[in-house]
Every structure is written in C-alpha cells, then in structure tokens.
Amino acid sequence: MNFGLDDDQRAIKATARELLTDRSSPERVRAAAEARRIDAALWGELRELGWPGIAIGEAWGGQGLGVVELAVLLEELGHAVAATPLLGGALAGLAIEHAGSDEQRARWLPGLASGEITGGFGRAELAVGEADADVFVLLDGASARVLAAADATVEPLDAIDPTRGYARVGGDGEPLPGPAVADRAAGALAAELVGVCQRALDMTVAYVKERRQFGVPVGAFQAVGHRCAEMLLHTEAARSAAYFAAWAADAAPDRLAEAAGLARVAAGDAGRSVTGSAIQAHGGIGFTWEADVHWLFKRAQLDSALLGSASAARIALARAARR
Amino acid sequence: MDLTFSERETAFRDELRAWFEANDPGPEPDTEHAHYTWRRDFQRRLYEAGWAAPHWPVEYGGRGATLTESAIFFEELGRARAPLPANVLGLLLGGPTLMAWGTEAQKERFLGPILSAEEIWCQGFSEPDAGSDLAALKTRAVRDGDGWTVTGQKVWTSGAQHAKWCMLVARTDPDAARHKGLTYFLMDMEQAAVQVRPLRQITGESEFNELFIEGARIADEQVIGGVGNGWKVALTTLMNERAGLAFFLQVRLRQLLDDTIAVAAEHGLLDDDVVADRLGALHVRTELLRLTAYRGLTAIERYGQPGPEGSLTKWMWSEANQQLVQLAADLVGPDALVSGTRWSYELLRARGNTIEGGTTEILKNIVAERVLGLPRVRG
C-alpha cells in the first residue's frame, strides 16, 4: 500500500507549482477573468510543456501518462485557478481514448494532445469548454457521445466562474462505445477541486494570522481556528478520494465505480464548503470583488456541478454496499 | 502510487487471516468480568502464536512488522470480531514508551509480562483538575529514602481494576514551571495505598476508574526516562496512542455500517432515497477514514514523520461513529431505545468517542496550532 507520488509525478507537481506561481498570479487570473478570456500566453506555455496531452497515448502525440499524472497537474491548475482550457480538452481526450472507436481516436486525439484544438466535457446543459472548442464529449447517464463543434450548437454560458469557458451544447454527435467515461473523469475533476480547496485553506491561514482584532490575530480565536481545522479535514479527505479514483482509473477498473462515487461526494462537498468557509473567515473583505477568494468559490461550484450529483452518488453507494 | 497490498503484505494478511479462522474468539460475553477474562485469554492465545504485538521489534518479542503490516493486523483483528487485547495500553503505549526511554534492566523486567498479559498496565495521566490540560496535574511524588512516596488522585483510568502497573505522571518539583518538574513512574497497583473506585458510565458499565493514592511507594528503579523528564516521556506515550487503533476502529465502524444497511434493507428502507442518501454519506466517511489512515502511513514511511492526515483520523472516526449509531437508532426504531439492546448500548457508548483519547475540541486546537501553524488558540 503506497499513496505516495513517484519521482516523475513529484517533478510534474513541482514544475507546475513553480510555473503557475509566476504565470498565474492572482493579478493574471483577475485580468483574464475580467476580460472573460483565457490566458493565451499561459496556454501557450502549457502547450510547449506537452501538458494538454499529458494523459493521451504516445501513439497520438501525447505523453502517455495516466490519470494520476493528470490529477497531479489539475490539482496545481486548480490551486492557481488558472485561466486555461486544459480541463475540457484533457477530459474529452481521456474519454475518446478509452471509450472511443479507432476512427474517433484518430480524428480527435492528435489535435487535443498538442493543444492545437481544444475540447469540452460535461452534459448538454453544462459543459466546460470554450465557445470556439472543436469537440465536446457529453454524458447522458451512463453513456457518452462525442460531438464535433461544427455539427453542434454551442451556446456560451455566462457562468459565475469567468476564468474559463462553459457552454450549453446541442446536437446528437456519435456514441462513444466504451464504458466508464464519467467515472474515469471523476478523479481528475476531484483533483482540481482539491487544489482549489488547498488554495482556499492556504489563503485563509495566511489571512487569519495577519488580520488583528481585539489586539490579537483572529486566527487565535477558537471559532476561527476550528473552522480552519475543518477546512483541512475536508481538503485531506477529498485528496484521499481524488487520488484513489485517479489510481483506480489507471490501475483498478473493478474498483473505479466505487472510487469515483467517493470522489464525487468528497470533492464536491469539500469544494463548496471549504471555499465558502474561506469567504467567511476573511470577513467583509472576503465578500468583496477585490479579495481573490471568490474565484475559488466560483470555480468550486462549477467543478462540483461537472462532477455530478453527490446525492445520487451517495444513494448508489449505499445500495451497492448492501451485502 | 499502488493502493493494493504488496505480495509480502498479502502473505502477512493471509497468514493472519488463517490464524484467526483457526482461533475463533467466540461470542462477546455480557458480564464485565467475563468480558475481561475473554480479552485476557485471547491475548494469551495471540501471544503463544507470536501475534500479541507484531509492531514490536523482534528482539522484544514482536515481529518487527512494518506500519502497513501493523495496520493489517488491526484490520484483521477487527474483521475476526476479536477483542482488543486486555493489555492494549501496555502493548500500544507502555511497551513503546519503555523502548524509547527505559533502561536495559527495565525493558528486561517489564516487556515480557506485557506481551503475555501476565501483568496488565493502566495509564495514570488525567486528574480531576487536569484533563485536556495535562500539565496542570497535582499528584505529588516526594523523595523518600531510596524511593518515592506518592499522593494524589487520578481519573478516567481504564482497566485499573485489573492492572498490575500504572504509567503515572506526578509532580516531583513543585517549584519548577508547569511542564518541567514532572516525572514518569511505573507504580505498583497492588498496594493498600492505591484505592481503585470504578466510575459508572452512561451505559451503566464501568470501563474506567478513579484512583486514590495516599502515600503509595515507588522504587527508584521505576522512574522512566529520568527525574524531571516526565512531560517528554508522557508525550511519547501520547504520540503512540493513535497509531494502530485507527484501523481497528475503522473496521468496527464498517461492520456497524454494514449491519445498519442490513437493518434498513430488512425494513424496506434502502429503497427510500432519503435513507439511502444518509447511509451513503456514512459509507463515504467510513471509506475516507480508511484511505486517509493509509495515506498517513505512507507519509510516515516515506518522510519519516506523520503528515496532517495523522491528526485527523480519530476526529473523523468519532464523529462518523456517533452519526452512524444515531441513524441506526432511527432505522431500528423503539428497540434501539430499550435498555440492554445492542443498539441502545452503541447509541450511548458512542457519546464517549468524541471525548476519550482527546476531545474533538482539543484535536481541532492541535490541528489549528501544530498543522496549520495558527497562533495558540484560546477562549
């Protein structure tokens, strides 16, 4: 039993953290969000690193790594609330590679791997993806389909998270014949939420150490300290579930359904409660546009919606646990 | 990342599982004395097979098990519905504390009888005015010839009625600062100056006691880790407290959850989305506890020190267990509110979970201060 990242995975994490600290600062995220467009310079750098294709097979020009590596990267992108289209393309690529036909793979994977085209992923009523994305993968319950944007109606959504695009997508497309599309994406999506939670916790801890009232840092009050401790508990529990689900997607298909269910519940709940707590712990400042915590809350709402209903996941898990 | 057991770990588990199958602990007895005897006798069977303390080094009678193997041991113990060994405090706390701080002579004298359950240990830390604030303790030990005379009162002393030795922290220098001036002793419980009075719990049973100590004698050879060093030695004991138990408790939680799901199914309630949602939430918490506990082991094995996960498991378990027994009581119906039923016992006993071994409030303070580095939390 080993929950640790290997050297290569740790290198991805360190490289991403270093790059994003510099290139996806709160000022850059704010500028992109207020202009309602992705950070094209940052996206260019991610493409040079080959990260759009991190989990796409080498045969298609990707790096041939797994969902765990994608999760490591997404955790950092979530931590930075990076304004890039990586998520939609990576999840579309994952779905097409593992559930698509040879023809579908050949048509879409090379472009997604290089980042030359972008992709979207979600359901007809809510998908993550830019208005000019080239391909969407949409879930309908347990099945999934792939739609070329040219044959679909893509209606950009003015979502509360303005750091990247979201859309409503109409059209039939073609079915993806393989199984477990939603479950395979769950660990990766959950990992992005874990990064969002970690950033919310980091910002909150720094703030409550700094902000003084009644002559002491507000973090010295138990009511505040306990809130921070609860944020850590939810973040760490979600991290356990996210990496279990990412690992199961790569290595344990028989455990994927359960792991994905755990990730949906743990990360969906943690994402919203931890980022909400961050706003609360920042007090009045936390409710202002100037404080950057709201980007985290908004990203968490959208990521949780993409993960799907936590309640439905809990109900399914309880019934599956019956012996 | 590999969330399966290695070949070696699987072999360890299979060997243990086969042993438990051949050594069925039998049903849990009802009465207190029979319950203690059951636990003591089962520890002896474990001891004779070399399983009493797999996590101890081979030279002291253990198997030198890795952290993961030790976790497997506790999971299998729970899975077999076997009891925690009667001398659980000696095995988990006393032995490791002696190994860290004891002299060769002390290790030679005390470790063997801990393993075999010949000598049961109890823990004399808390006092009526020193619960979460351990450094406020008042029990005095005064130098007296070639030994010490101890006077004071201890409380919440589990298993004191069966114990031969008490891990006792007492004040030896009343003029020193709070954390200094404390010394860690092993006190012989078999003397008239030590009176044990059982405390009756809300369940009606008595797992723990008050100790009244009126001039008890402790020989100099029974000081552990040196005079005035008691705080540090006590921290070693407390650090060991939560390591392996989380896995045993997680398995017990899983069993109780499975039984509750079975009750819901029997009553046709699993088809009710509201009930299934609540049970599913507890399923998630139960499985997250196991994953997080294993993540904590990875952190220790790879980086030599526990990550934040280690501070979270007791907190996660205690709250999940309380919520589960409350839900179970709702699903079982009035029978769960009748004295003497399993479900009413679980409902009441679980209230202790968020208090024993560190209240949830104190655990949150520890996380806030030591993991997150917030200023010392008060008021």
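Predicted model only: the values in this text are computed from it and were never measured.
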**Request:** With sequence neighbours excluded, give me every salt bridge (charged side-chain N to carboxylate O under 4.0 Å, His left out) pair touching residues 283-299 of chain B.
**Result:**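 Checked against salt bridge (charged side-chain N to carboxylate O under 4.0 Å, His left out) - neighbours excluded - the pairs reaching residues 283-299 of chain B are A/E236-B/R295, B/E75-B/R290, B/R254-B/E287, B/R295-B/E309.
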
**Prompt:** Using non-hydrogen atoms only, which part of B/A262 is less than 4.5 Å away from chain A: side chain, backbone, both, or neither?
**Reply:**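 Contact with chain A: none, neither part.
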
**Request:** Please state whether the side chain, the backbone, both or neither of B/V371 comes within less than 4.5 Å of a heavy atom of chain A.
**Result:**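 Contact with chain A: side chain only.
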
**Asked** Which side-chain hydrogen bond (donor to acceptor under 3.5 Å, both in side chains) pairs, counting each pair once, include a residue from residues 245-263 of chain A, with sequence neighbours left out?
**Response**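 Passing the test, one end in residues 245-263 of chain A: A/E258-B/H283.
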
**Message:** If we define contacts as heavy-atom pairs under 4.5 Å, which of A/A312, A/P217, A/C228, A/G4 has the most with chain B?
**Reply:**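 Top option by heavy-atom pairs under 4.5 Å: A/G4.
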
**Asked** Any sub-3.5 Å donor-acceptor pair from A/R319's side-chain atoms to B/L270's backbone N or O?
**Response**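 Flag set: sc A/R319 to bb B/L270 pair under 3.5 Å.
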
**Request:** May I ask you to test the A/V216-B/P375 pair for a side-chain heavy-atom distance under 4.5 Å?
**Result:**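 No, too far: nothing below the 4.5 Å cut-off.
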
**Message:** Walk me through whether A/N2 and B/M1 qualify under side-chain contact (heavy atoms from CB on, under 4.5 Å).
**Reply:** CA-CA 5 Å; A/N2 169 18; B/M1 191 169 297; 5.9 Å; no

**Request:** Tell me the residues of residues 260-274 of chain A whose non-hydrogen atoms fall below 4.5 Å from those of chain B, in number order.
**Result:**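 Only A/L262, A/V265, A/A266 of residues 260-274 of chain A have a heavy atom under 4.5 Å from chain B.
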
**Prompt:** Looking only at heavy atoms, which of residues 205-214 of chain A get nearer than 4.5 Å to chain B?
**Reply:**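 Checking residues 205-214 of chain A against chain B gives A/V205, A/V208, A/K209.
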
**Message:** Against A/I315, only a single residue in B/D272, B/D277, B/L279 fulfils side chain to side chain contact (heavy atoms under 4.5 Å, CB included); can you say which?
**Reply:**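 Result for side chain to side chain contact (heavy atoms under 4.5 Å, CB included) with A/I315: B/D277.
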
**Asked** A/H226 pairs by side chain to side chain contact (heavy atoms under 4.5 Å, CB included) with which of B/T360, B/N365, B/L363?
**Response**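 Per the side chain to side chain contact (heavy atoms under 4.5 Å, CB included) rule, the option paired with A/H226 is B/N365, out of B/T360, B/N365, B/L363.
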
**Separation of B/M316 CE from A/S240 OG (nearest 0.5 Å)** =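 Result: 6.5 Å between the selected atoms.
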
**Separation of A/L317 CG from B/L282 CG (nearest 0.5 Å)** =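 Here the rounded value is 12.0 Å.
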
Where [X] and [Y] come nearest, the two heavy atoms and their spacing:
| X | Y | result |
| --- | --- | --- |
| B/L288 | A/A237 | CD2-O, 3.4 Å |
| A/A321 | B/I261 | CB-CD1, 3.8 Å |
| A/L232 | B/P308 | CD2-CB, 4.0 Å |

So with a 6.0 Å cut-off around [atom1] of [X], is the heavy-atom count from everything else above 12?
| X | atom1 | result |
| --- | --- | --- |
| B/Q255 | CD | yes |
| B/R370 | CZ | no |
| B/R342 | CZ | yes |

Counting heavy-atom pairs under 4.5 Å with chain A, which one of [options] comes out on top?
| options | value |
| --- | --- |
| B/I72, B/L3, B/D2 | B/L3 |
| B/Y303, B/F5, B/W315 | B/W315 |
| B/A299, B/S311, B/G373 | B/G373 |

**Residues B/L291, A/F3; criterion side-chain contact (heavy atoms from CB on, under 4.5 Å); working and verdict** = CA-CA 9 Å; B/L291 292 168; A/F3 243 111; 4.0 Å; yes

**Prompt:** At a heavy-atom separation under 4.5 Å, does A/A241 approach chain B through its side chain, its backbone, both, or neither?
**Reply:**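 Looking at A/A241, backbone and side chain both touch chain B.
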
**Request:** Under the side-chain contact (heavy atoms from CB on, under 4.5 Å) rule, what do A/M1 and B/T4 come out as? Steps first, then yes or no, please.
**Result:** CA-CA 5 Å; A/M1 188 77 80; B/T4 57; over 6 Å; no

**Prompt:** If you measure from the Lys or Arg side-chain nitrogens to the Asp or Glu carboxylate oxygens, is any gap between B/D273 and A/R314 under 4.0 Å?
**Reply:**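 Result for this pair is no, no salt bridge flagged.
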
